Structures are given as structure tokens and as C-alpha cells.
Amino acid sequence: MLEIRQLAIGYDEPIIKDLSLEVKASEFVCVIGANGIGKTTLFKTLLRILPKLSGQVLLDGTEIEDFSTKEFAKKVAYVPQAHVPPFPFEVIDVVIMGRTAALGTFAVPSKQDVLIAENLLELLGIEKLKNKKYTEISGGERQMTLIARALAQEAGTVILDEPASSLDLGNQWKIFTQIRKLATKGLGILMSTHNPNHVLSFADKTLAIFEDSTWMFGETNDVLTSENLSRIYGLPMRICTLDDGEKVCVLKK
């Protein structure tokens with residue numbers, strides 16, 4: 001479990017203060033807020049790239065600073081926005097890179113490491129990509145590959161930074177459906193997104209960060225209200241309930 005207690009984040013001055021929340025096993029938690037509000041700074045702090053200003057971040061009760069780099073990689077996996085590396089690695093090799101934390105220094109991946117990578121490709125439904133060049137597959141396929149690489153770490157918590165920001169609607173839905181399935185398998189998921197409809201459809205809990213650096217955390221239906229979404233985006237937003245009970249966010253005319 002990831003626990004954040006009275007956390008202050010930022011550079012010289014805090015941009016978010018007194019932040020407290022938990023990401024438990026089997027929970028899908030989304031972070032939503034306008035550009036420049038602190039989502040990336042939060043993730044960098046949780047990933048130990050930036051030092052926290054005050055407060056605590058704990059994994060299974062232990063402060064994140066107390067883990068070695070290798071131990072931390074076994075606890076937390078990170079999925080960045082899709083990118084294209086300079087070298088044309090095959091998809092299976094990209095996924096095997098996620099096994100680094102489990103390997104010794106200069107160790108060669110074992111048959112077991114390869115099998116784990118192959119099983120993850122199958123789990124995510126992209127086994128046909130195994131021997132394709134990562135540089136030559138679609139954006140949605142690259143994002144699935146990065147998720148597989150993160151899962152290869154066998155960490156209990158996965159942090160995803162806007163994983164579907166550059167994808168079409170079909171691929172967005174595929175990505176979020178798979179992430180939702182991962183949560184049901186026992187992973188704790190923390191993900192940022194700019195699309196409130198993704199949050200309404202998939203997230204158990206939501207962290208909303210407002211323009212004045214205040215925040216709200218709780219059950220998604222309690223946090224993502226018309227009033228709060230209007231505060232986040234500075235626009236007249238409205239939550240509507242469809243005939244089947246599904247909730248969607250729309251912009252008022």
C-alpha cells in the first residue's frame with residue numbers, strides 16, 4: 001500500500017501542502033487537475049526524483065527514502081507517456097527490460113524472465129507484437145508495451161502519467177480497460193489524466209487538484225461533481241447521468 005501523509009511538494013516553495021491519501025491493493029486512483037497544477041511534481045516526488053518538502057510517503061509502512069534503488073523498483077513501477085526510443089528494440093526486449101530489478105549486476109535474462117515477459121504480452125493481448133520493432137508499432141501498442149514492461153517489475157504499485165493522452169478514442173478505451181483489470185488482480189494503480197470521463201468510468205477514488213493548490217480526495221462520485229469540475233477547468237461543467245446509469249461530463253453551453 002502507498003500512503004501519503006501531510007505531504008508538501010514543490011521546489012523552493014510548496015505548490016501542494018498537507019496532502020494525505022492512500023492507494024491500496026486493488027484500487028484504481030486517478031489524479032485530475034489543470035495543466036501546471038502539480039500532477040507531474042507529485043509523481044516525481046513519489047518516484048524519488050524530487051525530494052519532498054515535508055510529510056511522509058510510505059510503501060507498506062516504510063518510508064520510500066529507506067529503500068535501495070533496487071528494492072524501490074520492486075515496490076513501484078512507472079509508466080510514462082508513450083515515447084519512441086532511439087534504438088529499434090523488439091517489443092519482447094523492451095518488456096524484459098522491466099526485469100532489471102530482479103536481475104543481478106550484468107546478469108543475462110533467464111528463460112524465466114523471457115517467459116514472464118511473454119506471459120505479460122499475452123495478458124495484455126499484444127502477444128502478436130513480440131518480435132516487432134517498438135519503433136514501428138502504433139501509439140496504443142507502444143503504450144501497452146510500456147505497461148507490460150512496468151508489470152515485469154512485479155511491483156505492487158503502478159504509477160501512470162497520462163497513458164492515453166495521444167491516443168484515439170478506441171485505444172484510450174482499450175488502455176483503461178486493461179488498467180482496470182490490473183487493479184482487479186491486486187495492483188494499486190495511481191494514474192493522471194485530463195479526461196474526467198475516464199475517471200468517471202474507471203476510477204475507484206480520485207484526487208482533484210484545484211487552481212488555488214487546494215485538493216480533495218475520496219470516492220470518485222463524491223469528488224467529481226459539476227461544481228468541482230468547474231473549479232478545476234474554469235469552465236461551466238456538468239455531470240449528467242445517462243439512461244443506463246453511466247455518468248458523463250459535458251461542457252454547459
Side-chain angles (χ1 to χ4, degrees), residues 1-7 9 15-43 46 55 57-58 79 143 147 156-165 167 169-253:
M1 180 170 68
L2 173 66
E3 299 175 79
I4 298 171
R5 299 178 180 173
Q6 300 296 308
L7 182 67
I9 63 171
I15 55 176
I16 300 174
K17 297 186 292 185
D18 299 322
L19 178 62
S20 295
L21 61 89
E22 295 179 348
V23 182
K24 300 176 182 178
S26 301
E27 276 191 342
F28 190 165
V29 177
C30 275
V31 183
I32 191 167
N35 285 333
I37 206 66
K39 300 187 299 297
T40 298
T41 303
L42 172 60
F43 281 9
L46 299 181
V57 181
L58 302 103
V79 180
Q143 200 62 60
I147 292 173
T157 301
V158 181
I159 296 176
L160 303 100
D161 183 12
E162 299 181 31
S165 61
L167 304 182
L169 287 175
N171 276 309
Q172 288 178 24
W173 200 259
K174 289 177 184 177
I175 291 287
F176 288 117
T177 298
Q178 290 294 346
I179 295 171
R180 174 73 262 177
K181 288 179 180 178
L182 296 176
T184 63
K185 293 179 180 294
L187 293 177
I189 304 292
L190 181 63
M191 185 193 78
S192 64
T193 179
H194 280 299
N195 191 327
N197 287 318
H198 294 158
V199 185
L200 288 166
S201 295
F202 294 101
D204 299 309
K205 294 181 180 179
T206 298
L207 170 64
I209 305 174
F210 303 108
E211 199 66 44
D212 59 1
S213 295
T214 60
W215 55 272
M216 180 181 292
F217 176 71
E219 299 292 330
T220 293
N221 287 337
D222 296 331
V223 174
L224 278 199
T225 63
S226 300
E227 178 183 0
N228 285 339
L229 283 168
S230 297
R231 284 183 63 194
I232 289 170
Y233 295 111
L235 294 169
M237 310 296 292
R238 182 171 62 186
I239 300 291
C240 301
T241 303
L242 303 179
D243 292 341
D244 61 1
E246 185 83 8
K247 291 186 175 183
V248 296
C249 174
V250 298
L251 178 64
K252 287 183 182 179
K253 293 184 178 179

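These numbers were taken from a predicted model, which means no experiment stands behind them. The figures here come from the full heavy-atom set of this structure, side chains too, leaving out hydrogens, waters and symmetry mates.
The CG atom of Asn228 sits 7.5 Å away from atom CG of Leu224, with the distance rounded to the nearest 0.5 Å. The line from CZ of Phe43 to CD1 of Ile9 is 10.0 Å long, rounded to the nearest 0.5 Å. Ile37 CD1 to Ser213 OG: the interatomic distance, rounded to the nearest 0.5 Å, is 5.5 Å.
Under 3.5 Å, the side chains of Asp212 and Thr214 contain a donor-acceptor pair of N or O atoms.
Dense packing is recorded around NZ of Lys39, with more than 12 heavy atoms of other residues, nucleotides or ligands lying under 6.0 Å away.
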Could you walk me through whether Val199 and Thr220 satisfy the side chain to side chain contact (heavy atoms under 4.5 Å, CB included) test, starting with their C-alpha distance in whole Å, then the side-chain angles of each, then the deciding distance to 0.1 Å, before giving a yes or no? CA-CA 7 Å; Val199 185; Thr220 293; 3.9 Å; yes
Let me see the working for Thr206 and Leu200 under side chain to side chain contact (heavy atoms under 4.5 Å, CB included), right down to the final yes or no. CA-CA 9 Å; Thr206 298; Leu200 288 166; over 6 Å; no
Evaluate the criterion side chain to side chain contact (heavy atoms under 4.5 Å, CB included) for residue pair Leu7 and Arg5; output intermediate values, then yes/no. CA-CA 5 Å; Leu7 182 67; Arg5 299 178 180 173; over 6 Å; no
Decide yes or no on side chain to side chain contact (heavy atoms under 4.5 Å, CB included) for Val158 and Leu182, but give the supporting numbers first. CA-CA 10 Å; Val158 181; Leu182 296 176; over 6 Å; no
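Between Phe217 and the options Leu207, Val223, Ile4, Ile209, a side chain to side chain contact (heavy atoms under 4.5 Å, CB included) holds for only Leu207.
Residues Met237 and Lys252 are not in side-chain contact: their nearest non-hydrogen atoms beyond the backbone lie 4.5 Å or more apart. Using a 4.5 Å cut-off on side-chain heavy atoms (C-beta onward), Asp204 and Arg180 make contact. With a 4.5 Å cut-off on side-chain heavy atoms, Leu160 and Leu190 do not count as touching. With a 4.5 Å cut-off on side-chain heavy atoms, Leu229 and Leu235 do not count as touching. Using a 4.5 Å heavy-atom threshold, the side chains of Met1 and Thr157 count as separate.
For the pair Ile175 and Pro163, the tightest heavy-atom approach, listed with the atom from each and the gap, is CG2-CB, 4.3 Å. Residues His194 and Tyr233 share a closest heavy-atom pair of O-OH, 2.9 Å. Summarising the geometry of Ile232 relative to Gly33, their closest heavy-atom pair is CG2-CA, 3.8 Å, with the distance given to 0.1 Å. The nearest pair of heavy atoms linking Gln172 to Leu167 is NE2-O, 2.7 Å.
Residue pairs meeting the side chain to side chain donor-acceptor pair (under 3.5 Å) criterion with at least one member in residues 235-249, sequence neighbours excluded: Ser201-Glu246.
Ser226 places a side-chain N or O within 3.5 Å of a backbone atom of Ile239 that can act as its donor or acceptor partner. A distance-only check finds no donor-acceptor pair linking the side chain of Ser230 to the backbone of Pro236 [under 3.5 Å]. Side-chain atoms of Ser192 never come within 3.5 Å of backbone atoms of Asp161 as a donor-acceptor pair (strictly under, hydrogens ignored).
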Would you tabulate the side-chain donor-acceptor contacts of residues 15-32 under 3.5 Å, counting partners in other chains and residues two or more places apart, or write 'none'?
{"residue": "Ser20", "atom": "OG", "partner": "Gln6", "partner atom": "N", "Å": "2.9"}
{"residue": "Ser20", "atom": "OG", "partner": "Gln6", "partner atom": "NE2", "Å": "3.3"}
{"residue": "Ser26", "atom": "OG", "partner": "Ala183", "partner atom": "O", "Å": "3.4"}
{"residue": "Glu27", "atom": "OE1", "partner": "Lys24", "partner atom": "N", "Å": "3.1"}
{"residue": "Glu27", "atom": "OE2", "partner": "Lys205", "partner atom": "NZ", "Å": "3.2"}

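Figure legend: Arg231 and Phe210 shown as a cation-pi pair, the cationic atom lying under 6.0 angstrom from the six-membered ring centre and within 45 degrees of its axis.
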